[in-house]
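Whatever order the structure lists them in is the order used to number ligands and atoms, beginning at 1.
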Amino acid sequence: MTRIHFNEVVTRDGFQNEPHFVATDDKVALIDALSLCGYAKIEVTSFTSAKAIPMLRDAEDVMGRIQRVPGVETTVLVPNLRGAERALESRPDEFNLVMSTSETHNLANLRMSREKSHAGLREVIAMARGRVPVNVSLSTCFGCPMEGEVAQDEVLRWAERFARLDVRGLTLCDTTGMAHPDQVARMARALRAHFGGLQLTLHFHNTRGMGLANVLASVQEGIDRFDGSLGGLGGCPFAPGATGNICSEDAVHMLAAMGHDTGIDLPRLLSVARSLPAIVGHEVPGQVAKAGLITDLHPVPAHVAELREKA
Ligand code: COA
Ligand code: ZN
């Protein structure tokens, strides 16, 4: 049995891609409910430009109002120094910096070259030193929707450049669900071989139905940290064709069925997941919230009971 750590990203990756603004009160209530479910970490919001991501323009408010639960870290996405200065005020437990390993996606998402992003993020890491731990999320590590294949060596080169700085963790993101399990297993082996001393997290999207297969391939290679999104919401607004993350409750359900310890209270998480469609105003992709747990049995139909009696 492996201890697997989950980082819930629904209010960041999930809500950034919703068509309608989710009220600040609803965001705060949802994060407070999720904080009681046993997550290792929650990515609460992002300190990006309100023009780029209008859905998360209430970052300060949300961070100021959520309950902090001991043992549950709060992380926030930070794209630049301006974002870091804003974020610091709201006392997160971690900064999650972001850049892309694909030049085209970095230009689309962050409006600058990868070199310029790296230089900016180095300044953020220097500013955060001694104040807040830093994780770096690298986007499009398993393929770019505009460039296609992103070579594993290219991903490792960017990971290495950050690993040399003062970071506690690296997250490799499959931004538009292009990864397949063999590719993930190779990447997981290389990651553990090169960066074994860091917190290593994988972030999958289920765009092509390979999300949970990729989680399984990662766990088999010793990865024990994942980002997941309640209900399977999510997607980068600047990545063509992006759809939802792996669904947290579906991933937790699968891993629990296999005997892994995720620390998550699954019935409680499912009851929170069932409140999500009303919050966002539409159905969500997650399956276990609809189907129930594999241990939730249905009543035996009357005619079966009769047949049994006759037999
Ligand atoms: N927080 C708030 N406002 C910010 C900001 C931040 N972190 N960074 C920049 N801004 C503001 C600037 O003040 C400026 O405002 P103005 O037009 O009123 O003067 C405007 O945004 C443009 O600033 P500039 O430095 O030219 O940034 P940009 O237009 O090149 O955008 C980013 C850079 C990174 C801030 C922007 O592209 C962004 O927030 N992207 C979102 C990325 C993201 O979260 N994607 C999804 C997750 S992977
Ligand atoms: Zn994502």
Give every donor-acceptor pair under 3.5 Å between a side-chain atom in residues 116-128 and any protein atom, sequence neighbours left out.
from   : atom 1 : to     : atom 2 : distance (Å)
Ser117 : OG     : Asn106 : ND2    : 2.9
His118 : ND1    : Arg161 : NH2    : 3.3

Checklist entry - Side chains of Asp174 and His203: is there a donor and an acceptor less than 3.5 Å apart? => result no
Next on the checklist: Between Thr207 and Thr243, do the side chains contain a donor N or O and an acceptor N or O under 3.5 Å apart?
Outcome noted: yes
Next on the checklist: Strictly below 4.0 Å, N to O, side chains only: are Glu221 and Arg186 in salt-bridge contact?
Outcome noted: no
Output side-chain donor-acceptor pairs under 3.5 Å for residues 297-311, partner residues at least two apart or in another chain, one line each.
none

Checklist entry - Is there a donor-acceptor pair under 3.5 Å between the side chain of Thr140 and the backbone N or O of Ser100? => result no
Item to check | Tally of protein N, O or S atoms, where distance to the Zn ion (ligand 2) is under 2.8 Å | outcome: 3
Item to check | Sidechain N-carboxylate O distance under 4.0 Å for Lys41, Glu8 | outcome: no
Checklist entry - Between Asn135 and Gln199, do the side chains contain an N or O donor and an N or O acceptor separated by less than 3.5 Å? => result no
Next on the checklist: Using only atom types and a distance under 3.5 Å, with no angle test, would you say the side chain of Ser229 pairs donor to acceptor with the backbone of Gly232?
Outcome noted: no
Pairs under 3.5 Å, N/O atoms on ligand 1 and on the protein: can you put them in a table with the distances?
from     : atom 1 : to     : atom 2 : distance (Å)
ligand 1 : 1 (N)  : Thr48  : O      : 3.3
ligand 1 : 1 (N)  : Arg86  : NH1    : 2.7
ligand 1 : 3 (N)  : Arg82  : NH1    : 3.2
ligand 1 : 7 (N)  : Phe47  : O      : 2.9
ligand 1 : 7 (N)  : Asn80  : OD1    : 2.9
ligand 1 : 7 (N)  : Gly83  : N      : 3.2
ligand 1 : 8 (N)  : Asn80  : ND2    : 2.9
ligand 1 : 13 (O) : Arg82  : NH1    : 2.9
ligand 1 : 17 (O) : Lys51  : NZ     : 2.6
ligand 1 : 18 (O) : Lys51  : NZ     : 3.3
ligand 1 : 29 (O) : Arg111 : NE     : 3.3
ligand 1 : 39 (O) : Ser49  : N      : 3.0
ligand 1 : 40 (N) : Asn109 : O      : 3.4
ligand 1 : 45 (N) : Asn109 : OD1    : 2.7

